[in-house]
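Worksheet: the structure to be examined is printed underneath.
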Amino acid sequence: MEITGFFAAIIIGLIIGVLGRLVVPGKQNIPIWLTLLIGVVAAILGTLVAGAVGVDDTSGIDWIELILQVVFAAVGVAIVAGAYGRRRVR
């Protein structure tokens, strides 16, 4: 992955995190900064997986890469929301 691709993944990751949160049903009791962090990680993972599969460089919008990123974000939000929601406040 090129350095421009890495920065693009971070910027797009901010949006991907919000999309991932919208995909997960129900209310997620996690802070927005954690959602954005999950989105950045999901965008990077999605870009790496798309590159490994060979669908990262197409003409136009890379729909498969975008779908992979949103799926990673949705899974990440669901896992973190489940773990974060089980915390006990003292």
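Since the structure is predicted, the reported quantities are computational estimates derived from the model, not experimental observations. All values below were derived from every heavy atom in this structure, side-chain atoms included, with hydrogens, water molecules and symmetry-related copies excluded.
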State yes or no: do I44 and L14 share one hydrophobic cluster built from I, L, V, M, F, W and Y residues joined by side-chain heavy-atom distances below 4.5 Å, directly or via other members?
yes
Looking at OG1 of T35 and CD1 of I32, how far apart are the two atoms once the value is rounded to the nearest 0.5 Å?
4.5 Å
Does a side-chain heavy-atom distance below 4.5 Å link I16 with V40?
no
Heavy-atom pair with the smallest gap, counting every atom of G46 and Q69
CA-CG, 3.8 Å
Quick one: are V49 and F72 in side-chain contact, heavy atoms under 4.5 Å?
yes
To the nearest 0.5 Å, what is the distance between CD1 (I64) and CG (L68)?
7.5 Å
Sequence neighbours left out, what passes side-chain contact (heavy atoms from CB on, under 4.5 Å) with A74? Give chain and number order.
V23, V24
Could you list the residues that satisfy side-chain contact (heavy atoms from CB on, under 4.5 Å) with L34, not counting sequence neighbours?
I30, P31, L37, I38, V80, Y84
Do V53 and V71 share a hydrophobic cluster, counting only Ile, Leu, Val, Met, Phe, Trp and Tyr and linking them when any side-chain heavy atoms are less than 4.5 Å apart?
no
Minimal heavy-atom distance between G20 and A73, with the atoms involved, is CA-CB, 3.9 Å
Set of side-chain contact (heavy atoms from CB on, under 4.5 Å) partners for I15, sequence neighbours left out:
L19
Taking every non-hydrogen atom, the tightest pair across R21 and Q28
NH2-O, 2.7 Å
